[in-house]
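In this text, all values refer to a predicted model and were calculated from it rather than measured experimentally. Residues take their numbers from the sequence shown, with the count starting at 1.
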Amino acid sequence: MKTKFTLFLFVVAISFSWAQPGAVGHLTIFSDSGDKFFLFLNGEQQNDVAQTNLRVEDLNQPYYNAKIVFEDNTINEITKSNLMIQDVDGVYSDVTYRIKKDKNVKTKAKLNYFSAIPVQQGFIPPSNVHVVHYGQPRTVVVQPVGAVSQTTTTTTQTNGVNVGIGVNVEGLNMGISINDGMGGNVTQTTTTTTHHTTGAVHQEIVEAPRGCGQRSCMTQRDFNAALNTITQQSFEDTRLKTAKQVITVNCLNVDQIIQIANTFSFEDNKLNFAKYAYDFCTEPRNYFKLNGIFTFSSNVDDLSDYVQSRQ
């Protein structure tokens, strides 16, 4: 009896760790050799400027498919499936991976696990680490072809009083020289600004999509193949892991999520999967349809609370 009760508490603890709403992890990747790179997670570019030490915060999925593209295009890109953000107990962590160049082949590099620590509230990364937040819009300043801006500042000495201002059609030239009459140093500043442009400089907000709200779901053929792979798994835990692996790199509509959820016998697994699948749903506004897969109203309430926390 005591053994059964201990096992029950263990299962409850594991289920609770999966069910915590709003839990996130963080990912840091650094290059041993100093080669700058761009990081893609589940196909989404994370940094607009190549970095040697990059940190991505607020990752809400247990693992991601990662791709690293180097600024130096002679180095082969790195791809890594199922890059873990959670530890073996299903708890989100602050994980670090290292890019290491191949000693024998300079065009090759590997992404290796380096370390992991518990997520710390209020953690301040070192100043040499470039930080981005997963799913937030990226701002890109676009300067059109032909736009030229130049500023020149000089410092001289002069004897006498002279004030001069000149304006021409190409830009603005301003020169001012003043003598204080005491033989002191005088600063003369000349600023030249020239604009030759075919269009105005503007800011463009590039939205880094989070989830699948603006994408297409899996085709029926691909989904049928995936569903068949999931149902062929003998153990329910393996079936759950396989289902998560499938949707991590795909988008599903509500009906497809329901079909996969109904392959699980235990409601805890249905709830676990339903929460995980929310970020991969192409129609999150219809997620209420999943309420029908549950027998217990407590699970319906749990999923509803989770969905509200994600909005």
Side-chain angles (χ1 to χ4, degrees), residues 6 9-70 77-102 109-136 138 208 210-211 237 240-241 244-245 247-249 272-273 275-280 306 309-310:
T6 303
L9 290 179
F10 175 78
V11 172
V12 170
I14 293 298
S15 301
F16 178 76
S17 69
W18 277 98
Q20 293 184 62
V24 294
H26 311 304
L27 167 67
T28 299
I29 298 178
F30 69 94
S31 173
D32 240 1
S33 57
D35 291 294
K36 294 184 177 181
F37 61 89
F38 298 94
L39 173 65
F40 294 78
L41 295 178
N42 290 350
E44 299 296 337
Q45 184 173 339
Q46 300 302 310
N47 53 312
D48 297 305
V49 179
Q51 303 293 333
T52 59
N53 202 330
L54 177 66
R55 177 180 174 86
V56 184
E57 297 187 339
D58 303 328
L59 294 167
N60 63 331
Q61 299 168 26
Y63 48 85
Y64 291 80
N65 285 346
K67 180 172 72 172
I68 291 174
V69 178
F70 292 93
E77 65 182 38
I78 302 173
T79 57
K80 188 175 183 66
S81 300
N82 302 330
L83 187 148
M84 296 298 298
I85 305 300
Q86 291 182 343
D87 63 17
V88 293
D89 296 320
V91 178
Y92 282 96
S93 302
D94 195 331
V95 297
T96 300
Y97 283 79
R98 175 175 62 180
I99 299 172
K100 191 172 183 61
K101 293 281 286 290
D102 192 301
K110 293 182 179 180
L111 182 64
N112 297 322
Y113 172 82
F114 187 75
S115 66
I117 61 173
V119 174
Q120 301 177 18
Q121 297 295 327
F123 175 78
I124 301 177
S127 59
N128 65 326
V129 179
H130 181 76
V131 180
V132 297
H133 294 271
Y134 184 73
Q136 292 190 2
R138 303 191 306 272
R210 187 171 191 166
D237 287 347
L240 179 60
K241 291 179 181 178
K244 289 181 176 181
Q245 183 180 12
I247 67 173
T248 296
V249 291
N272 187 330
F273 177 76
K275 289 180 177 181
Y276 184 85
Y278 179 74
D279 284 332
F280 304 94
Y306 177 81
S309 72
R310 304 288 299 127

Exercise. Given side-chain contact (heavy atoms from CB on, under 4.5 Å), test Leu41 with Asn65 step by step and report yes or no.
Key: CA-CA 6 Å; Leu41 295 178; Asn65 285 346; over 6 Å; no
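- To the nearest 0.5 angstrom, Ile29 atom CD1 is 13.0 Å from Arg98 atom CZ.
- Counting heavy atoms from C-beta outward, Val95 and Thr28 have side chains that stay 4.5 Å or more apart.
- Here the side chains of Val129 and Phe30 are not in contact, with every heavy-atom distance at 4.5 Å or above.
- In this structure, His133 NE2 and Arg55 CZ are separated by 9.0 Å, a value rounded to the nearest 0.5 Å.
- For the pair Asn47 (side chain) and Phe37 (backbone), a donor-acceptor distance under 3.5 Å is present.
- Contacts of Tyr97 classified as ring-ring contact (aromatic ring centres under 6.0 Å, His included), with partners at least two apart in sequence or in another chain: Tyr113.
- The ring-ring contact (aromatic ring centres under 6.0 Å, His included) check on Phe40 picks up nothing, with sequence neighbours excluded.
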Quiz prompt | Verdict with supporting geometry, Ile68 and Phe70, side-chain contact (heavy atoms from CB on, under 4.5 Å) | solution = CA-CA 6 Å; Ile68 291 174; Phe70 292 93; 4.1 Å; yes
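- Proximity of Tyr134 to Val24: side-chain heavy atoms (C-beta onward) are nowhere separated by under 4.5 Å.
- In this structure, the side chains of Asp58 and His26 come closer than 4.5 Å at one or more pairs of heavy atoms.
- The shortest distance between side-chain heavy atoms of Gln245 and Tyr63 falls below 4.5 Å.
- Of all heavy-atom pairs between Phe38 and Gln45, the closest is CD2-NE2, 3.7 Å.
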Quiz item: Where do Asn272 and Lys244 land on the side-chain contact (heavy atoms from CB on, under 4.5 Å) test, with the steps shown first?
Solution: CA-CA 10 Å; Asn272 187 330; Lys244 289 181 176 181; 2.9 Å; yes
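- With hydrogens and angles disregarded, a donor-acceptor distance shorter than 3.5 Å links the side chain of Gln51 to the backbone of Val49.
- The heavy-atom pair separating Thr52 from Gly34 by the smallest distance is CG2-O, 3.1 Å.
- At least one donor-acceptor pair under 3.5 Å links the side chain of Gln46 to the backbone N or O of Glu44.
- Nearest approach of Leu39 to Ala66, heavy atoms of both residues: CD1-CB, 4.4 Å.
- No side-chain heavy atom of Tyr92 sits less than 4.5 Å from a side-chain heavy atom of Pro118.
- Shortest non-hydrogen contact noted between Lys36 and Ala50 is CB-CB, 3.6 Å.
- Closest approach of Gln61 to Phe280, counting heavy atoms only: OE1-CZ, 3.0 Å.
- No donor-acceptor pair under 3.5 Å is formed between the side chain of Asp89 and the backbone N or O of Val91.
- By the 4.5 Å heavy-atom criterion applied to side chains, Ile99 and Leu111 are counted as neighbours.
- Between Phe273 and Ile247 the shortest heavy-atom distance is CE1-CD1, 3.8 Å.
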Quiz item: What do the steps show when you test Asp94 against Gln120 for side-chain contact (heavy atoms from CB on, under 4.5 Å), and what is the final call?
Solution: CA-CA 8 Å; Asp94 195 331; Gln120 301 177 18; over 6 Å; no
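- In this structure, NZ in Lys101 is found 10.5 Å from CG in Asp32, a value given to the nearest 0.5 Å.
- With 3.5 Å as the limit, one finds a donor-acceptor pair spanning the side chains of Tyr276 and Thr248.
- For Lys241, the NZ atom is loosely surrounded, since the number of other residues' heavy atoms within 6.0 Å does not exceed 12.
- Going from atom CG of Leu59 over to atom OH of Tyr64 covers 4.5 Å, rounded to the nearest 0.5 Å.
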